[in-house]
Protein chains: 2
Amino acid sequence: MIKITTKIRYAIRLLIFLAQHEGEMVFLKDVSEKENISFKYLEQIIPYLKNSGLILSKRGARGGYILAKKPSQITIKEIVQSIEGPIAIVECVASSEYCNRSNNCVPNKLWKKLNEQISDTLETITLEDLMLNRISMEVS
Amino acid sequence: MIKITTKIRYAIRLLIFLAQHEGEMVFLKDVSEKENISFKYLEQIIPYLKNSGLILSKRGARGGYILAKKPSQITIKEIVQSIEGPIAIVECVASSEYCNRSNNCVPNKLWKKLNEQISDTLETITLEDLMLNRISMEVS
DNA sequence: ACTATTCATATGGTTTTAGTAGGAATTGAA
DNA sequence: TTCAATTCCTACTAAAACCATATGAATAGT
Ligand code: FES
Ligand code: FES
């Protein structure tokens, strides 16, 4: 199925929360409580975001998390990719080696087109857009 | 992840095969061999397409399958929906009941937008377009 | 020392995916 | 009438993905 996983959705909500508290160190506990997301599950999502350089952390008491960049410079695509790697709705669109017939494969173009469209859309939308509720429904 | 399942991909290849043999009764065995798809798995995909009125069948020896409509009148969206039901990348975009906070939920608009975009793209492309290799990569 | 926090890793239940398998029902042809 | 070829129906299963829960170590402030 074409589904957005909870991991991605939680990550976005986490980052929006951080964006709304820009400048402060935020405890994961607060995010968990306010957003009503399992604390332990959130903890598992964090490393992806750290490794991709989206957030910074400080350990110990009074530690916490903070955005590593301005919300206007974090795209949804980055967030998705930090968790799931390259966006590829089928293997064939990423590596043509994976696919024995992609040269003369008719559907391949369809998947490539759809993949690019999704990728492009996610790239044009930033955390700031989400935070400011600045999502237009018109086809861009 | 955002993945296209094999069921959908096989269904499309099956239908393209039928489109390429318009007018003839096609044996599933041939589709299976030529497209190199498990015969038994294909058999399981068939009922979805039949129930959605995309194909017609004839039982018994010399039976087979045939498109119920012209390739130009079968959209990719129909094919996807025949197998997976309504396109909904998250539950929240379909039924707002499912979702406790969709009114004031910031990401909701993002998912709705992405969902519509995918849905629209799949709707504008027909089997005929695939068959004639008529997929433009430009953003429509 | 104590407490609050992040960090690391293991474990587990459920659902989805991607098939495999066996045989019943139908039809055309020999 | 029998046979073979085909669709139709339904059950089963292995593997992966998804969605967490659990335990405890490491770190840092007070
Ligand atoms: S074989 Fe790769 S898309 Fe068809
Ligand atoms: S609660 Fe439904 S999209 Fe956020």
Can you sort out the partners of N133(A) under side-chain hydrogen bond (donor to acceptor under 3.5 Å, both in side chains), two or more places apart, ordered by chain and number? K109(B)
Would you mind telling me which residue lines up with the more 5' stretch of DNA chain D, L42(A) or G64(B), judged by nearest nucleotide? G64(B)
Quick one: is dC19(D) close enough that its OP1 or OP2 comes under 4.0 Å of any side-chain N or O from T6(A)? yes
Please state how far atom CG in L56(A) lies from atom C1' in dT5(C), giving the value in whole angstrom units. 16 Å
If the cut-off is 4.0 Å, is K3(A) near the phosphate of dT16(C), judged by side-chain N/O to OP1 or OP2? no
Indicate whether OP1 or OP2 belonging to dC7(C) is found under 4.0 Å from a side-chain N or O atom of Y48(A). no
Looking at residues at least two apart in the chain, or sitting in another chain, which of them share a side-chain hydrogen bond (donor to acceptor under 3.5 Å, both in side chains) with Q73(B)? none
Would you kindly give the CD-to-P distance between E35(A) and dA20(D), to the nearest whole Å? 14 Å
Protein-nucleotide distance (N51(A), atom CG; dT6(C), atom P), rounded to Å: 16 Å
Using whole Å, what does the distance between atom P of nucleotide dT6(D) and atom CD1 of I55(B) come to? 16 Å
I89(B) side chain near I2(B) side chain, heavy-atom distance below 4.5 Å: no
Just how far, in rounded Å, is C1' of dA20(D) from CD1 of I83(A)? 15 Å
Any side-chain N or O of Y10(B) less than 4.0 Å from the OP1 or OP2 oxygen of dT17(C)? no
Taking the side chain as every heavy atom from C-beta outward, state whether L42(A) and E35(A) have any pair of such atoms under 4.5 Å apart. no
With sequence neighbours left out, what residues match Q81(B) under side-chain contact (heavy atoms from CB on, under 4.5 Å)? K77(B), I87(B)
Show me the pairs that pass salt bridge (Lys or Arg N to Asp or Glu O under 4.0 Å) and involve residues 62-73 of chain B, at least two apart or across chains. K69(B)-E78(B)
Heavy atoms within less than 4.0 Å of DNA chain D: which residues of residues 21-29 of chain B have one? Give them sorted by number. V26(B), F27(B), L28(B)
For nucleotides 20-30 of chain C, just jot down a letter per nucleotide in 5' to 3' order: B, S or -, based on protein non-hydrogen atoms under 4.0 Å. BBBB-BBBS--
Considering the terminal five base pairs at each end of the helix from dA1(C)-dT30(D) to dA30(C)-dT1(D), what angle separates the two local helix axes, rounded to 10°? 0°
From CD of E84(B) across to P of dT15(C) the rounded distance in Å is 18 Å
Taking only residues two or more places apart in sequence, or in another chain, which ones meet E128(A) in a side-chain contact (heavy atoms from CB on, under 4.5 Å)? P71(A), S72(A), T126(A), M131(A), L132(A), R134(A)
Residues in ring pair (Phe, Tyr, Trp, His ring centres under 6.0 Å) with Y48(B), at least two apart? none
For dT16(C), does OP1 or OP2 lie under 4.0 Å from any side-chain N or O of T5(B)? no
Side-chain (S52(B)) to main-chain (L49(B)) donor-acceptor, under 3.5 angstrom: no
For residues 42-61 of chain A, which residue pairs pass the salt bridge (Lys or Arg N to Asp or Glu O under 4.0 Å) check, not counting sequence neighbours? K40(A)-E43(A)
What is the separation between atom CD1 on I46(A) and atom C1' on dT27(D), rounded to the nearest whole Å? 16 Å
Atom-pair distance (CD1 on I2(B); C1' on dA17(D)), nearest Å: 15 Å
Residues that F27(A) engages under ring pair (Phe, Tyr, Trp, His ring centres under 6.0 Å), provided they are two or more places apart: none
For F39(A), give me all partners under ring pair (Phe, Tyr, Trp, His ring centres under 6.0 Å), at least two apart in sequence or on another chain. none
